[in-house]
> 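Right, I'll just put the structure down here and ask away after.
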Amino acid sequence: MCDLLHSIELVNVSDNDKFLHSLILLKGVIINRCETGQLKVRVDNVDWPASSSVRFINDKKGQFRLLINLKEGKNHVTLVYCEHEVAVNICFERSACPYTIIPLYIICQGHDGSYQSDTVNNDIQNACRKINLGIKLVQSLYAEKLFERGFGRKTFTVGSDCIPFYSSLAVDESRLMTDQELWNYFSKEIIESELLKSEKQKFIAFISSTFYEGISNNDFSYENIKRHTTGHAALGGGGLALFGTGCLYTWPSSLPEIVPAFLNKKKINRASLMDDSNHRHTYGGCYATTIGSVCHELGHIFDLGHTKDGIMGSEFDHVNRVFTLVTNTEALPDRIVGQTNIKESMNRKLTAIKRPGEFLRKYQQQKESDVTYFADNCAIILQHHKWFSFNPCINICDTKLSFNFITRFVTSINSFLKLIELRERKYGMLKIYWSFMDSPTNSFQIMTDIDLSELTLFVIDHVGNILKQDL
């Protein structure tokens, strides 16, 4: 028995907190650790298998992060360390938001639905389990990142489990198409299908027949890997985020496998399996990058543009740090996001921030803690987006957003402006923005010294109305 006086502190969850998503992240710290102590977790007095996924930074800090899947209703969670324990009640309520995301597993005509893998357990059912779990993880990440910014745990609602979608597109034809052509085809097909029941649905889809043919000349650059891969995509926009399944073999299919999957240092056999790990060449790196890509492309269907940093920029490869507390950050090459070189764009004036110091302090803390975050403007959009902030009590029938090309005034009727952005039209990269989080207004004039040619105007108001207009 240990004679030390221990303490367990939860830093992101309080007693009687309510969640609208079931897979949650517990973050905390154990004070005054001992050599033999182990953190154990009970949910409703039952030992929780995910306790094996706890990871500490080091002996001095004693920090931990733990994933738990909540049942609907009240969950009594107890953390035990030696003779000390702390308990909290956490409630999971299913979201009543009618704006939903529907996951699909696309099976082209003439294909059996199995994804490319190094195991035989790669059928449709297994793929859907992996996709369901991956989307829940992304749902949790969005909630935590908005919570860290002071916006509450807002996140998107998943409308159903993953649905196999049998496409009329022949698999041989799909392998001759570009990623944009695949997106165009499947987007049209989904819209015309019985799956689309209202404009309040968006879809995230994975193509089962993605095929990596292998490389024999030792040129494993990402460009060459893409040249040797067919049926692949990583595109999001409008009502569809579309992905290939070339790296689905690195994804876990159950909750206790998530952290081991992130920590998996097994080297990828790049001669036969697709490697999308941003030059880490490991299963864990591939899982982190591809889940990060899902976070990024989903952001586009929530109307986020590109930024120089953060999840919508060059920093979505380190999602593993959010859930594992891995301290070493690999020196990865700079990404080219939206065809715009990130290093070059850093010299531009990208933002005009009108937020108080507390907001910026939280932003800096988040950026430094696990290097996975939403830039200021992106967090504001998500905070007010209808897929995140549905409120049935607000009447939005008479609201309207408009832009006058002559006077350069952005105007809202019966609502307040929250954010105005100017983005590059071609690649969606942010040029400048103005936020009005603490200064309600229904009109704003864009300065005359800003050249509006080749730009897109983006506006969102406090009830989630959006104006997008090429200038």
> Is a donor from one side chain sitting under 3.5 angstrom from an acceptor on the other, for Ser117 and Asn122?
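Result is no, nothing qualifies.
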
> Going by side chain to side chain donor-acceptor pair (under 3.5 Å), name the residues that satisfy it together with Thr290, two or more places apart in sequence or in a different chain.
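By the side chain to side chain donor-acceptor pair (under 3.5 Å) rule, Thr290 matches Trp251.
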
> Taking only residues two or more places apart in sequence or in another chain, which ones pass side chain to side chain donor-acceptor pair (under 3.5 Å) with Tyr115?
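Only Asn126 meet the side chain to side chain donor-acceptor pair (under 3.5 Å) criterion with Tyr115.
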
> For the pair Ile106 and Leu242, evaluate side-chain contact (heavy atoms from CB on, under 4.5 Å) and give the outcome as yes or no after the intermediate values.
CA-CA 10 Å; Ile106 297 177; Leu242 181 67; 4.0 Å; yes

> Can you name the side-chain contact (heavy atoms from CB on, under 4.5 Å) partners of Lys266, sequence neighbours left out?
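Asp118, Asn264, Tyr283.
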
> Where the side chain of Asn75 meets the backbone of Gly73, is there a donor-acceptor pair that is under 3.5 Å apart?
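Looks like yes, one N/O pair under 3.5 Å.
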
> Which residue, Ile207, Asp179, Ile204, forms the side chain to side chain contact (heavy atoms under 4.5 Å, CB included) with Phe243?
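So, applying the side chain to side chain contact (heavy atoms under 4.5 Å, CB included) to Phe243 and each of Ile207, Asp179, Ile204, only Ile204 qualifies.
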
> Salt-bridge test for Lys145 and Glu148: reply yes if a basic N is under 4.0 Å from a carboxylate O, no otherwise.
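So Lys145 pairs with Glu148 through a salt bridge.
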
> For Phe388 together with Phe302, are the ring centres under 6.0 Å from each other?
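Distance test on ring centres: under 6.0 Å, yes.
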
> Output all residues satisfying side-chain contact (heavy atoms from CB on, under 4.5 Å) with Lys74, sequence neighbours left out; order by chain, then residue number.
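In terms of side-chain contact (heavy atoms from CB on, under 4.5 Å), with neighbours along the sequence ignored, Lys74 is linked to Asn89.
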
> Can a salt bridge be assigned to the pair Glu421 and Arg423 using a cut-off of 4.0 Å between side-chain N and carboxylate O?
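Here Glu421 pairs with Arg423 in a salt bridge, since their nearest N and O are under 4.0 Å apart.
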
> Side chains of residues 17-24: which donor-acceptor pairs under 3.5 Å do they make with residues two or more places apart or in other chains?
from	atom 1	to	atom 2	distance (Å)
Asp17	OD2	Ser14	N	2.8
Ser22	OG	Asn69	OD1	3.3

> Could you go step by step and tell me if Leu67 and Leu137 meet the side-chain contact (heavy atoms from CB on, under 4.5 Å) rule?
CA-CA 9 Å; Leu67 286 164; Leu137 194 70; 4.0 Å; yes

> Mark yes or no for whether Arg280, through its side chain, and Ser277, through its backbone, hold a donor-acceptor pair below 3.5 Å.
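The answer is yes, because a donor-acceptor pair under 3.5 Å joins these two groups.
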
> For Thr229, enumerate each residue passing the side-chain contact (heavy atoms from CB on, under 4.5 Å) test, keeping only those at least two apart in sequence or located in another chain.
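Applying side-chain contact (heavy atoms from CB on, under 4.5 Å) to Thr229 gives Thr210, Tyr212, Ile225, His232, Met274.
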
> Using side chain to side chain donor-acceptor pair (under 3.5 Å) as the criterion, list what pairs up with Asn12, not counting sequence neighbours.
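For Asn12, the residues satisfying side chain to side chain donor-acceptor pair (under 3.5 Å) (neighbours in sequence not counted) are Glu144.
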
> So, using ring pair (Phe, Tyr, Trp, His ring centres under 6.0 Å) as the criterion, who are the partners of Phe92 when residues are at least two apart?
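In terms of ring pair (Phe, Tyr, Trp, His ring centres under 6.0 Å), with neighbours along the sequence ignored, Phe92 is linked to no residue.
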
> Could you tell me whether Glu72 atom CD has more than 12 heavy atoms of other residues or ligands within 6.0 Å of it?
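Atom CD in Glu72 is packed in, count exceeds 12.
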
> Name all residues meeting the ring pair (Phe, Tyr, Trp, His ring centres under 6.0 Å) criterion together with Tyr166; count only those two or more places apart in sequence or in a different chain, and write none if there are none.
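Tyr166: no ring pair (Phe, Tyr, Trp, His ring centres under 6.0 Å) contacts found.
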
> List the residues meeting ring pair (Phe, Tyr, Trp, His ring centres under 6.0 Å) with His84, not counting sequence neighbours, and say none if there are none.
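Applying ring pair (Phe, Tyr, Trp, His ring centres under 6.0 Å) to His84 gives none.
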
> One pair to check against side-chain contact (heavy atoms from CB on, under 4.5 Å): Ile301 and Ile101. What are the steps and the verdict?
CA-CA 10 Å; Ile301 70 172; Ile101 297 293; 3.8 Å; yes

> Is any side-chain heavy atom of Pro252 less than 4.5 Å from a side-chain heavy atom of Tyr287?
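Counting from C-beta outward, Pro252 and Tyr287 do come under 4.5 Å.
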
> Go through His296 and His306 one step at a time and tell me if the side-chain contact (heavy atoms from CB on, under 4.5 Å) criterion holds.
CA-CA 9 Å; His296 178 98; His306 284 130; 3.3 Å; yes

> Compare all side-chain heavy atoms of His384 with those of Asp461 and state whether any distance is below 4.5 angstrom.
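SC-SC contact between His384 and Asp461 ruled out.
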
> Would you mind writing out the side-chain donor-acceptor pairs for residues 155-162 within the sub-3.5 Å range, not counting sequence neighbours?
from	atom 1	to	atom 2	distance (Å)
Thr155	OG1	Gln139	O	2.8
Thr157	OG1	Ser95	OG	2.9

> Contact between Leu235 and Gln180 at the side-chain level, heavy atoms closer than 4.5 Å - yes or no?
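Sidechains of Gln180 and Leu235: in contact.
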
> With a 4.5 Å limit on heavy-atom distance, are the side chains of Arg42 and Glu85 in contact?
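Result yes, sub-4.5 Å side-chain heavy-atom pair found.
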
> Suppose we screen for side-chain contact (heavy atoms from CB on, under 4.5 Å). Which residues come up paired with Leu195, at least two apart in sequence or across chains?
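Scan of Leu195 (side-chain contact (heavy atoms from CB on, under 4.5 Å), adjacent residues dropped) gives Leu104, Ile163, Phe165, Ser193, Phe203.
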
